[in-house]
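These notes concern the structure reproduced below.
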Amino acid sequence: MAPPTPPILNGHSETVIAQTCQTYNLTPSEFAQLRDRAVAAKATSYSPYSKFRVGAVLLSTGKVNAAVTGERSSSSSSSEGTYTPGANVENASYPVTTCAERVAFGRAITEGHRGFKAVAVATDISPPASPCGMCRQFIREFCELSMPILMFDKDENFSVLRLEDLLPLSFGPDQMGIEGAA
């Protein structure tokens with residue numbers, strides 16, 4: 001039996017947004033930044049084959065480990081945390097294509113970011129699209145299972161699920177004896 005489809009929420013309703021923020025421990029400003037930055041990241045997509053643009057943004061709360069990179073982060077910081085965008089990058093050899101979520105995480109991790117609070121994904125379709133299976137597993141490597149993933153459609157309406165709902169019975173660093181990797 002398939003799990004229930006999450007509801008599509010009105011992205012223009014202040015009440016719905018406030019309830020979502022309360023449920024997932026986000027501020028209204030963080031929610032707005034996640035939405036706006038994920039939508040903006042779509043513009044940087046390289047998708048000449050599928051024409052399926054995807055933008056993603058991560059909100060990290062952990063400090064940048066400058067020793068990891070030896071240089072400053074190119075992500076955008078605010079008093080709320082650091083926002084790291086990514087967009088899908090296609091390739092004529094389709095398996096080489098990289099999804100927006102993995103671009104954002106690769107960038108954030110190599111810039112030394114740790115401690116992620118939320119992920120947002122935006123597409124040009126409705127209903128909202130969720131991260132693919134490979135991205136779900138990639139997210140699992142670096143995030144707590146309770147982390148929310150916000151998925152925005154072409155009209156900025158959205159669905160939101162926790163990682164544990166998108167990737168039940170997951171396999172992560174803790175099964176490999178690495179505690180606190182997320």
Side-chain angles (χ1 to χ4, degrees), residues 6 8-14 16-17 20-21 24 26-62 64 69 71-113 115-139 141-143 147-161 163 166:
I8 299 172
L9 304 170
N10 183 341
H12 304 284
S13 166
E14 290 182 27
V16 169
I17 292 169
T20 299
C21 290
Y24 295 98
L26 296 169
T27 68
S29 176
E30 288 171 335
F31 179 92
Q33 289 291 318
L34 286 161
R35 178 194 59 221
D36 295 348
R37 291 171 187 254
V39 169
K42 288 188 305 184
T44 65
S45 168
Y46 177 76
S47 48
Y49 307 106
S50 72
K51 309 287 191 246
F52 189 76
R53 300 183 317 151
V54 181
V57 68
L58 317 176
L59 173 56
S60 60
T61 57
V64 173
T69 63
E71 52 188 66
R72 288 186 44 206
S73 168
S74 62
S75 297
S76 176
S77 294
S78 77
S79 61
E80 299 165 338
T82 303
Y83 294 91
T84 305
N88 56 322
V89 179
E90 293 183 347
N91 190 285
S93 177
Y94 288 163
V96 181
T97 293
T98 307
C99 300
E101 300 90 333
R102 288 184 287 134
V103 168
F105 270 101
R107 180 177 173 187
I109 295 300
T110 60
E111 289 178 353
H113 297 284
F116 298 96
K117 184 174 183 180
V119 174
V121 179
T123 61
D124 292 324
I125 63 168
S126 188
S130 69
C132 73
M134 187 181 296
C135 286
R136 294 174 192 195
Q137 184 61 49
F138 201 88
I139 293 167
E141 182 71 17
F142 304 106
C143 298
M147 191 191 63
I149 300 176
L150 295 94
M151 301 158 277
F152 293 94
D153 72 8
K154 63 186 177 100
D155 301 315
E156 297 181 7
N157 293 317
F158 66 100
S159 293
V160 59
L161 289 169
L163 178 58
L166 284 172

> Does a side-chain heavy-atom distance below 4.5 Å link Cys132 with Cys99?
Replying inline: yes
> Looking only at atom types and distance, does a side-chain atom of Arg136 sit under 3.5 Å from a main-chain N or O of Pro131, one as donor and one as acceptor?
Replying inline: yes
>> Measuring only between side-chain heavy atoms, which start at C-beta, is Thr123 closer than 4.5 Å to Met151?
In response: no
>> Is any side-chain heavy atom of Phe105 closer than 4.5 Å to one of Cys143?
In response: yes
> Is Glu101 reaching over with its side chain to a backbone N or O of Cys135, donor-acceptor style, under 3.5 angstrom?
Replying inline: no
> Which value, rounded to the nearest 0.5 Å, describes the distance between Asp155 atom CG and Ile125 atom CD1?
Replying inline: 11.5 Å
> Say you draw a straight line from OG1 of Thr84 to NE2 of His113; how long is it, rounded to the nearest 0.5 Å?
Replying inline: 4.0 Å
>> Rounded to the nearest 0.5 Å, what separates atom NZ in Lys154 from atom NZ in Lys42?
In response: 10.0 Å
>> I need the Leu161 CG to Ser130 OG distance, nearest 0.5 Å.
In response: 8.0 Å
>> Any non-hydrogen side-chain atom of Ile149 less than 4.5 Å from a side-chain atom of Leu163?
In response: yes
> Is a donor on one side and an acceptor on the other found under 3.5 Å between the side chain of Thr27 and the backbone of Glu30?
Replying inline: yes
>> Do Ile139 and Leu166 have side chains that approach each other closer than 4.5 Å (heavy atoms only, starting at C-beta)?
In response: no
>> Checking the side chain of Thr61 only, and the main-chain atoms of Gly115 only, is there a donor and an acceptor separated by less than 3.5 Å?
In response: yes
>> Measuring from atom CZ of Arg53 to atom CG of Asn88, what distance do you get when rounded to the nearest 0.5 angstrom?
In response: 9.5 Å
>> Determine whether a donor-acceptor pair (N or O, by modelled atom type, separation under 3.5 Å) exists between the side chain of Asn157 and the backbone of Gly11.
In response: yes
> Minimum heavy-atom separation for Phe52 to Ala129, with atom names?
Replying inline: CZ-CB, 4.3 Å
> Is there side-chain contact between Val54 and Ser45, with heavy atoms separated by less than 4.5 Å?
Replying inline: no
>> For the backbone of Val16 and the side chain of Ser13, can you confirm whether one donor and one acceptor N or O come within less than 3.5 Å of each other?
In response: yes
>> Please enumerate all residues that pass ring-ring contact (aromatic ring centres under 6.0 Å, His included) together with Phe152, with sequence neighbours excluded.
In response: Phe31, Phe158
> In Å and rounded to the nearest 0.5 Å, what is the CG to OH distance from Asp36 to Tyr83?
Replying inline: 10.0 Å
> Do the non-hydrogen side-chain atoms of Arg35 and Ile17 ever get within less than 4.5 Å of each other?
Replying inline: yes
> With distance as the sole test, does Asp153 use its side chain to make a donor-acceptor pair with the main-chain N or O of Glu156 at under 3.5 Å?
Replying inline: yes
> Minimum heavy-atom separation for Pro6 to Ser159, with atom names?
Replying inline: O-OG, 4.0 Å
